[in-house]
Amino acid sequence: MLSAIRIGTQVPATGNLVGVRKRILLVAAATIGLSLVIAAATLFWHAYEERHAIAHRGLSAAAAAANAVEREAEAMGYLLKGLSGSPLLRSANLEDFHRQLEATPRPDGSWFILWDLDRQLLNTKFPFGSALPRIDDIPGVRERLEVIRATGLSLSGRINGRPAVNPGVAISLRLDGPDGQMSRILTLLVPTQHFDRAVAEAADASGWGTMLFDRDLKWIAARGPGNDAPPQADLIRMVPGSGFNGHFNALDGRGPVLGAFQRSPRTGYTALSVTPAAVANAPLLTAVYQFSLASLILIMIGAGSVLVLLRNIGPVEALRHSAASTRSELLATNARLNAILASVSDCYFTLDRSYRITGTNQATLRWCGRSQDEIVGRSYPDLVGPHTDCLRAVEQAIKYRRVFQGEIPSSLRPHRYIDFRAYPSPEGASVFFSDVTERHAAHLAMSRERELLQASLDALPMHVAILDGHGRIIAVNRAWRRFVEEIGHPDPGHGIGTSYHDIGTTGDHNFTEMGAVIDGRRPGFQALYQWPANEPGRWFSVRASRFEAGDEAHVIVSHEDVTEVMAARATVNELSDRLLTLQEEEHQRIAAELHDSTTQYLVAVGLNLMKVERLLPQHDGQRLLGEIDLLLEEALKELRLFTYLLHPASLDENGFCETVRAFADGFSERTDLQVSCRIDEGADHLRTDLQRALLRIVQEALSNVHRHAAASRVIVDLRQTSDATILCIADDGRGMKARPARLNGSKGSLGVGIPGMRIRLHQFDGSLRIRSGPHGTMIRAFVPRSGTAYPAAAATNGGISVDLGPGQSRRLGDSPVHSQGLP
């Protein structure tokens, strides 16, 4: 009985234990299976997202390379358009235009070709005048003419050169004749190595190997590991013939690869980025490894837990506690895996064709300030709002299948700007963005500073141009543009981007000193020029100053209208010359009157005194008559000296040197002064008006010595140097004393003679210096070698002397620097 009861009681216990074991096994299997499913879904979803991101990096690299080629082609097109406006090309001066092309900056190894519709006219690879081929002698060129005629600016495909010439690409610009029809073509041939550098700068950071193909999928350039050789034909055949971008899997000589391509709608070139399939599939392989490891861990943990439970079946509370612990560990493991796999640095999200957000990353969630559940599956227009730049950019990628890239204001964060890039994809669109608010603000500040600088230049009345360190014009003001239009210069850009010498000089007249300022050999330059040249017109003062802005040198050039100043100066010079001429005539008239009239009266008085002498007493009368006779002799002596000073011997008859010596000898005889002369014989070859002025200075100086200095010796020294004529007159008298101030408070004067000397020298751009002391006075007259008078009629090409720098001057009349254009 007891045994039966024990057995009866044990059977249910055994049955319960079996049921509990089954339930434990079922729960453990379900838990482990569910955990494995969750882990597999999580790992493989993140692996797929990472692989998708890798594919998009390849697409971004291809897009960056295609955009870089577009920028290069656009820059070269601007270069050709700038050269097409050259006055040398328009005037058919092909030899000078050939030199201009050779001096034009361009990519290394490239060269220019100028064609007409029959043959090559210029080729910078060959000297000017070399025999050049006809168009029909070069395969494929005649067909390209129709493309250039239709498009105006054309980028060719790969051009295979001769065996000694590297392959290249041609950028050609259509040039129209007066009838509006194409008459010539200007071409820039660029080696493919140049595009290697452009592709490298655009795509190196992606880690993908990037290649560039022309419209016919001919290899142009490559960048990246393993891409230094032409690609395999199988890989090229996988590039779709239509569509602007996409991905594909292919085989090349190294094995399976993942390819991403971007076709430029402007150039027709295709950029292809490839990476080994192992790199693209690495996230999936990592997910398999992690899943295997997680499965093993979960199975081991589950199996261990089940064994423990089966061996130690306890209360239900203990079983629930163990299950809760296992669940916590599983959640912690999943959380760590999610934290590792979900960390992506770039902000990006994906959209389907109905504008629903299908995926995003943590950076985007942080930017939006929302959770993943609030973002994924939501309508993108509802998130950013209608009629926003963000929505229009995405519409361009999804609706019109065009890539959008640019800086736009953020719809979610006011006053912030983002660099927004939207790329079409088979599912819809992939969007990348980053915060560029600081860069945008810096760009706006730079634009405002540039506008302020331009407004300041436009406010100046003079014509102002700013040059770079190579002499190219980079900015002008409104007055400059107005003057360029007034002189009828053909450049519509008013010279911006052109060398200053190309727009600023014409003919044989230019400013050589301007080149020294541009080269940094002198800090500044100033000169005068007349426009139009050799005709009555306006006078301008040109100034150039070199300055440093950061690490770059610039030159600022200004042209100021000084016509009124030049007219006033010419009037003053005319009056001065007229006054001196009247003075000469007055001196001659007074000298003639004194010699012909006054002297004769004094001689007659002397004869009459001889008659009176016989009638007067012998003592007192004779003594008085003797004193009168002595005074009369002194008066005649002074009168003869005065008339000799007023009207000396003629320069035309005796020459300058002989006239000065004769005058000094006669002056010495009449005044008992010892006069020594040292005259350079070359003075006879000086200009006649300069000889006359120097002679008048000698006469005035000796006259002052005789009247005021009480000297016993005078030295007259005239010498010529390489750059000047110098006249010195020194005496050993008592020196000059300043006259006392007048009663009305005005300043004292040096008399009429010294101001007259200064006026005479000023006509020749000369100067007068006086040094006086207790032991004598010295007068020094300096006349530069190029000195000349300022004639009243400047239009007669008499010349004007202007200062061109330290110790330099130039006569505008003798050595013209006039320019028919703008210097």
Side-chain angles (χ1 to χ4, degrees), residues 38-60 63 205-206 282-284 286-287 290 294 330-398 403-440:
I38 294 173
T42 303
L43 290 172
F44 284 102
W45 184 80
H46 284 291
Y48 174 78
E49 290 295 323
E50 187 172 349
R51 187 180 187 278
H52 190 66
I54 292 174
H56 274 290
R57 282 200 293 272
L59 186 61
S60 298
S206 67
L284 296 176
T286 302
Q290 291 174 344
L330 180 60
L331 292 177
T333 302
N334 289 336
R336 286 194 295 270
L337 291 175
N338 289 332
I340 294 172
L341 297 176
S343 59
V344 178
S345 59
D346 295 336
C347 294
Y348 82 94
F349 59 91
T350 56
L351 302 173
D352 60 15
R353 291 183 179 272
S354 61
Y355 297 90
R356 293 283 178 182
I357 300 175
T358 58
T360 183
N361 67 342
Q362 293 296 325
T364 305
L365 297 178
R366 288 192 297 270
W367 176 266
C368 298
R370 290 175 172 85
S371 65
Q372 187 170 4
D373 295 336
E374 294 176 315
I375 295 296
V376 176
R378 185 174 179 181
S379 173
Y380 181 73
D382 294 341
L383 179 65
V384 299
H387 312 298
T388 60
D389 292 333
C390 293
L391 180 58
R392 283 190 286 269
V394 169
E395 286 178 347
Q396 180 172 319
I398 295 178
V403 176
F404 175 85
Q405 182 173 359
E407 293 183 5
I408 59 177
S410 173
S411 301
L412 299 178
R413 291 192 180 185
H415 312 298
R416 305 294 291 181
Y417 284 83
I418 55 177
D419 181 13
F420 199 86
R421 296 161 308 226
Y423 300 98
S425 67
E427 297 81 9
S430 299
V431 179
F432 299 80
F433 67 92
S434 59
D435 189 359
V436 292
T437 305
E438 288 74 12
R439 187 178 72 187
H440 181 77

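The basis for the numbers below is simple: all heavy atoms, side chains too, and nothing from hydrogens, waters or symmetry mates.
- Residues satisfying the salt bridge (charged side-chain N to carboxylate O under 4.0 Å, His left out) criterion with D435, sequence neighbours excluded, are R416.
- Contacts of R370 classified as side chain to side chain donor-acceptor pair (under 3.5 Å), with partners at least two apart in sequence or in another chain: none.
- F420 meets the ring-ring contact (aromatic ring centres under 6.0 Å, His included) test with no other residue; sequence neighbours excluded.
- By the ring-ring contact (aromatic ring centres under 6.0 Å, His included) test, F404 pairs with no residue at all, sequence neighbours left out.
- Listed by chain and residue number, A47, E50, I54 satisfy the side-chain contact (heavy atoms from CB on, under 4.5 Å) test with P283 (two or more places apart in sequence, or in another chain).
- Under the side chain to side chain donor-acceptor pair (under 3.5 Å) criterion, Q405 pairs with N67, not counting sequence neighbours.
- When the salt bridge (charged side-chain N to carboxylate O under 4.0 Å, His left out) test is applied to E407, the partners found at least two apart in sequence or on another chain are R439.
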Donor-acceptor pairs under 3.5 Å, side chain of residues 388-395 to any protein atom, not counting sequence neighbours: which ones?
residue : atom : partner : partner atom : Å
T388    : OG1  : G385    : O            : 3.2
T388    : OG1  : L391    : N            : 3.3
D389    : OD1  : R392    : NH2          : 2.6

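- Remark: T350 pairs with T358 by the side chain to side chain donor-acceptor pair (under 3.5 Å) rule, at least two apart or across chains.
- Contacts of A40 classified as side-chain contact (heavy atoms from CB on, under 4.5 Å), with partners at least two apart in sequence or in another chain: F44, F291.
- Sorted by first and then second residue, the pairs that involve residues 421-430 and meet salt bridge (charged side-chain N to carboxylate O under 4.0 Å, His left out), not counting sequence neighbours, are D419-R421.
- Among residues two or more places apart in sequence or in another chain, the side chain to side chain donor-acceptor pair (under 3.5 Å) test is passed with H56 by H52, S430.
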